[in-house]
J.: 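Structure provided below as structure tokens; questions to follow.
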Amino acid sequence: MSLSIGIVGLPNVGKSTLFNAITNASVTASNYPFCTIEPNIGIVEVPDPRLEILAKISNSQKIIHSTIEFVDIAGLVKGASKGEGLGNKFLANIRQTSAIVHVVRCFEDNNIVHVNGKIDPISDIEIINLELILADLELTQKLISNQEKKVKTRDKEELKKLELLQKIETQLSQSLPIRTLDLNEDEKKLLKGYDFLTAKKVIYVANISETMLDQKSPLLTQIKTYAQKHNDQFISLCTKLEEELSTLAKTEKTEYLQEFGISEPGLNLLAQACFKLLNLQSYLTTGPKETRAWTIHQGDTAPQAAGVIHTDFEKGFIRANIVSYPDFITCNGWKTAKEKGIIRQEGKNYLMQPNDIVEFLFNV
């Protein structure tokens, strides 16, 4: 499953520092077939401690985590919707991503100039959000103009598209993002046919200093409240610390985290937040060759999950042999689980669960 997250933010907010941390922590691309890695893309593993335990039980040759691609997108300035700065490139790159990580500066540093002269997270957020809204509004108006010609055929589907676009235009004209618009199921399906920027879900990342790690800050409260109001996600992390962590060995990293009283790296929290944001989950496969987490949507059926491995698995799906992770650990592997009869045989309508360890049976 292609999962791409665009990192955006004003200049000098720590966006590049975050991406440097991600790039240093990136996994080897060769583990993931069909992935073309460009210089501005970092692939990060979604932390899953279950995989190492399963790999030991199965004597697996390798472990493969679910992953997320993070795309470093050019810094935005006011007027980007009209092509200011690298506006056109910035907007085009966002359209290709699944969701947005919006980095917001909360740290003070006299050596790093703030583009607007002061630390004001909500103002920074609204500059970018307004540019995205303006870009969507311009696109919507062009689409409406084209759609008005199509409805002359009196086709009901074309009329529905026009009505949706008109509803979107009204929303954007009030400086509100499309993702906060209340749509019915038919409208949501139609919306997927368009690459609107403000329809994408957002995680606001408050970039804090090391001295702010154990402190409450009114700036963080402001961003969190803003995110909740717009049904977006929020996390805080210190990008400078994350960049330093990403260069350390595992044992050194643990010691470094303990010094700051942190339980796990912020990149782990960011990866987990991205999964939550996009309603994703993983199911597991394990054997001598590899132990692996596969990314699927919450609510996917067993055949759809099989299709993530290979489209032929979905087409020729027969059944899924499934054991829960706790039962698998108790039985110390497939062999005892089969002997005890605790492996379930699930059919085409089975909805996958996060703790599922699976063997697919298929015919092609």
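All figures in this text were calculated on a predicted structure; none of them were measured in a lab.
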J.: Under 4.5 Å between side-chain heavy atoms, hopping through other hydrophobics if needed: is there a path connecting Leu351 to Tyr283?
T.: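 No, Leu351 and Tyr283 fall in different hydrophobic clusters.
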J.: Is the NZ atom of Lys224 crowded by more than 12 outside heavy atoms at less than 6.0 Å?
T.: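 No - once you tally the heavy atoms of other residues, nucleotides and ligands closer than 6.0 Å, there are 12 at most.
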J.: Has the side chain of Thr336 got a donor or acceptor atom that lies under 3.5 Å from a matching backbone atom of Gly333?
T.: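 Answer holds: no.
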J.: Find the distance between NZ (Lys201) and CD1 (Ile203) and round it off to the nearest 0.5 Å.
T.: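 The NZ atom of Lys201 sits 10.5 Å away from the CD1 atom of Ile203.
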J.: As an exercise, state the distance from CG of Leu132 to CD1 of Ile100, rounded to the nearest 0.5 Å.
T.: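 Interatomic distance, Leu132 CG to Ile100 CD1, rounded to 0.5 Å: 5.5 Å.
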J.: Hydrogens and angles aside, do Glu244 and Tyr256 bring a side-chain donor and acceptor to less than 3.5 Å of each other?
T.: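 Side chains of Glu244 and Tyr256: pair found under 3.5 Å.
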J.: Going by ring-ring contact (aromatic ring centres under 6.0 Å, His included), name the pairs with one or both residues in residues 120-164, residues two or more places apart or in two chains.
T.: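 Listed once each, the pairs would be none.
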J.: Within the side chain of Glu264, is there an N or O that forms a donor-acceptor pair under 3.5 Å with the backbone of Ile262?
T.: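 No.
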J.: Can you list the steps and then say if Ile329 with Ile53 is a side-chain contact (heavy atoms from CB on, under 4.5 Å)?
T.: CA-CA 8 Å; Ile329 300 304; Ile53 298 170; 3.6 Å; yes
J.: If we ignore hydrogens and angles and just use 3.5 Å, is the side chain of Ser173 paired with the main-chain N or O of Glu169 as donor and acceptor?
T.: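 It does hold such a pair.
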J.: Could Lys160 and Glu157 be called an ion pair, given the rule that one side-chain N must be under 4.0 Å from one carboxylate O?
T.: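 The answer is yes: the pair qualifies as a salt bridge.
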J.: Flag the pair Ile68 / Ile43 as yes when at least one side-chain heavy-atom distance between them is below 4.5 Å, and no otherwise.
T.: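 They are not in contact (no side-chain heavy atoms under 4.5 Å apart), so the answer is no.
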J.: Mind listing the closest non-hydrogen atom pair of Asp312 and Phe362 along with its distance?
T.: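 Distance-wise, the nearest heavy atoms are O-CD1, 4.4 Å.
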J.: Would you sort out whether Lys253 and Glu242 count as a salt bridge (charged side-chain N to carboxylate O under 4.0 Å, His left out), showing the intermediate values?
T.: CA-CA 10 Å; Lys253 189 177 293 187; Glu242 294 303 320; over 6 Å; no
J.: Quick one: do the Thr97 and Glu69 side chains pair a donor with an acceptor below 3.5 Å?
T.: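 No donor-acceptor contact under 3.5 Å links the two side chains.
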J.: Assess, by modelled atom type and distance only, whether the side chains of Ser4 and Ser98 contain a donor and an acceptor separated by less than 3.5 Å.
T.: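 No, no side-chain donor-acceptor contact under 3.5 Å.
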J.: Members other than Leu162 in its cluster, when Ile, Leu, Val, Met, Phe, Trp, Tyr link by side-chain heavy atoms under 4.5 Å?
T.: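 ILVMFWY cluster around Leu162 also holds Ile133, Leu137, Leu139, Leu143, Ile144, Val151, Leu159, Leu164, Leu165, Ile168, Leu172, Ile178, Leu181, Leu183, Leu190, Leu191, Tyr194, Phe196.
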J.: Above 12 or not: heavy atoms from other molecules or residues under 6.0 Å from NZ of Lys200?
T.: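 Counting other residues, nucleotides and ligands, NZ of Lys200 exceeds 12 neighbours.
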J.: Please give me the minimum heavy-atom distance between Thr285 and Val358, naming the atom from each residue.
T.: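 So the minimum-distance heavy-atom pair works out to CG2-O, 3.6 Å.
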J.: Determine, step by step, whether Lys340 and Cys331 satisfy the side-chain contact (heavy atoms from CB on, under 4.5 Å) criterion, reporting the C-alpha distance in whole Å, the side-chain angles of both residues, the deciding distance to 0.1 Å, and the verdict.
T.: CA-CA 8 Å; Lys340 289 189 174 182; Cys331 294; 4.0 Å; yes
J.: Classify the side-chain pair Ser66/Ser282 by whether it contains a donor and acceptor separated by less than 3.5 Å.
T.: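 Yes, side-chain donor-acceptor contact under 3.5 Å.
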J.: Between Leu361 and Ile322, is there a shared hydrophobic cluster once you connect ILVMFWY residues whose side-chain heavy atoms come closer than 4.5 Å?
T.: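 Looking at the clustering, Ile322 is in a separate group from Leu361.
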J.: Considering only NZ, NE, NH1 and NH2 on the basic side and carboxylate oxygens on the acidic side, decide whether Glu359 and Lys338 come within less than 4.0 Å.
T.: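 Salt bridge flag = yes for Lys338 with Glu359.
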J.: Same cluster for Ile357 and Ile318 if Ile/Leu/Val/Met/Phe/Trp/Tyr side chains link at under 4.5 Å?
T.: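 Hydrophobic grouping puts Ile357 apart from Ile318.
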J.: Starting from the C-alpha separation in whole Å, work towards a yes-or-no answer on side-chain contact (heavy atoms from CB on, under 4.5 Å) for Phe234 and Val205.
T.: CA-CA 6 Å; Phe234 163 82; Val205 175; over 6 Å; no
J.: Please tell me whether Leu3 and Leu269 are part of a single hydrophobic cluster in this structure, the criterion being side-chain heavy atoms less than 4.5 Å apart.
T.: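 No, it is not one cluster - the side chains of Leu3 and Leu269 are not joined through contacts under 4.5 Å.
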J.: Please tell me whether Thr198 and Asp136 have a donor and an acceptor in their side chains that are separated by less than 3.5 angstrom.
T.: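 Yes, a side-chain donor-acceptor pair sits under 3.5 Å.
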J.: Name the residue from Glu346, Lys348, Arg344, Gln345 that meets the side chain to side chain contact (heavy atoms under 4.5 Å, CB included) definition with Arg319.
T.: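 Filter result, single survivor: Gln345.
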J.: Go through the steps for Phe313 and Phe360 under the test ring pair (Phe, Tyr, Trp, His ring centres under 6.0 Å), then give the verdict.
T.: CA-CA 8 Å; Phe313 285 24; Phe360 289 112; 7.0 Å; no
J.: Starting at CZ of Phe70, measure out to CG of Leu267 and round the result to the nearest 0.5 Å.
T.: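 Between atom CZ of Phe70 and atom CG of Leu267 there are 7.5 Å.
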J.: Of all the heavy-atom pairs spanning Val46 and His65, show the shortest one and how long it is.
T.: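 Reported closest heavy-atom pair: O-ND1, 3.2 Å.
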J.: Any heavy-atom pair between the side chains of Gln174 and Thr170 that's under 4.5 Å?
T.: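 In short, these two side chains touch, coming nearer than 4.5 Å.
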J.: Would you give the length of the straight line joining atom CG of Leu237 to atom CG of Leu245, rounded to the nearest 0.5 angstrom?
T.: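 So the gap between those two atoms works out to 10.5 Å.
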J.: Has Ser58 got a side-chain atom pairing as donor or acceptor with Ser60's backbone, closer than 3.5 angstrom?
T.: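 A pair under 3.5 Å: no.
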J.: Would a distance-only check, ignoring hydrogens and angles, find a side-chain to backbone donor-acceptor pair under 3.5 Å from Trp334 to Phe328?
T.: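 Absent.
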J.: Using modelled atom types only, decide if a donor and an acceptor are shared between the side chain of Gln281 and the backbone of Met352 within a distance under 3.5 Å.
T.: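 Side chain of Gln281 to backbone of Met352, a donor-acceptor pair under 3.5 Å: yes, one is there.
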J.: Is the terminal nitrogen or CZ of Arg105 (NZ for Lys, CZ for Arg) located under 6.0 angstrom from the six-membered ring centre of Phe107 and within 45° of that ring's axis?
T.: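 Yes, a cation-pi geometry holds between Arg105 and Phe107.
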J.: Within a radius of less than 6.0 Å around CG of Asn349, do more than 12 heavy atoms belonging to other residues, nucleotides or ligands occur?
T.: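 Atom CG in Asn349 is not crowded, with 12 or fewer foreign heavy atoms closer than 6.0 Å.
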J.: How close do Ala305 and Ile296 get, counting heavy atoms only, and between which atoms?
T.: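 Ala305 and Ile296 have their closest heavy atoms at CA-CG2, 4.0 Å.
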J.: Verify the cluster assignment for Val202 and Leu176: are they in a single hydrophobic cluster under the rule of side-chain heavy atoms below 4.5 Å apart?
T.: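 Different clusters.
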J.: Decide whether Ser324 and Asp327 meet the rule of one side-chain donor and one side-chain acceptor closer than 3.5 Å.
T.: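 Yes, side-chain donor-acceptor contact under 3.5 Å.
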J.: Where do Asn184 and Glu187 come nearest, in terms of heavy atoms and distance?
T.: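 So the minimum-distance heavy-atom pair works out to OD1-N, 2.7 Å.
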J.: Going from CG on Asp232 to CD1 on Ile125, what distance comes out if it is rounded to the nearest 0.5 angstrom?
T.: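 With rounding to 0.5 Å, CG (Asp232) is 9.0 Å from CD1 (Ile125).
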J.: Ignoring hydrogens and angles, tell me if any N or O in the side chain of His230 forms a donor-acceptor pair with the backbone of Tyr226 under 3.5 Å.
T.: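 Pair found, side chain donor or acceptor close to backbone of Tyr226.
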J.: Is it the case that Gln61 and Glu290 place a side-chain donor and acceptor less than 3.5 Å from each other?
T.: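 There is no such pair between these side chains.
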J.: What are the two closest non-hydrogen atoms of Ile128 and Leu10, and how far apart are they?
T.: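 Heavy atoms of Ile128 and Leu10 come nearest at CD1-N, 3.6 Å.
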J.: At what distance, to the nearest 0.5 angstrom, does CD of Gln228 lie from CD of Gln233?
T.: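 The CD atom of Gln233 is 9.5 Å from CD of Gln228, to the nearest 0.5 Å.
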J.: With a 4.0 Å cut-off, would you call Lys150 and Asp155 a salt bridge?
T.: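 Looking at Asp155 together with Lys150, the answer is no, because their closest N to O distance does not fall below 4.0 Å.
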J.: Kindly indicate, with the supporting measurements, whether the criterion side chain to side chain donor-acceptor pair (under 3.5 Å) is fulfilled by Glu314 and Gln304.
T.: CA-CA 6 Å; Glu314 182 173 4; Gln304 288 172 322; 5.4 Å; no
J.: Looking at Gln141, I want to see if its CD is surrounded by more than 12 non-hydrogen atoms of other residues, nucleotides or ligands under 6.0 Å.
T.: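 More than 12 heavy atoms, drawn from other residues, nucleotides or ligands, come within 6.0 Å of this atom.
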J.: Tell me whether Asn279 at atom CG has more than 12 heavy atoms from other residues, nucleotides or ligands lying less than 6.0 Å away.
T.: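 Yes - once you tally the heavy atoms of other residues, nucleotides and ligands closer than 6.0 Å, there are more than 12.
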J.: Does Lys250 come within less than 4.0 Å of Glu52, counting only side-chain N to carboxylate O?
T.: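 Between Glu52 and Lys250 there is a salt bridge, with a charged N closer than 4.0 Å to a carboxylate O.
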J.: So, Lys167 and Glu163, do they make that salt bridge, N to O below 4.0 Å?
T.: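 Result for this pair is no, no salt bridge flagged.
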J.: Any ion pair linking Lys189 and Glu185 (charged N to carboxylate O, less than 4.0 Å)?
T.: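 No, Glu185 and Lys189 are not salt-bridged.
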J.: Just checking, is any N or O donor in the side chain of Asp356 or Tyr350 under 3.5 Å from an acceptor N or O on the other one?
T.: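 Side-chain D/A pair, Asp356 to Tyr350: present.
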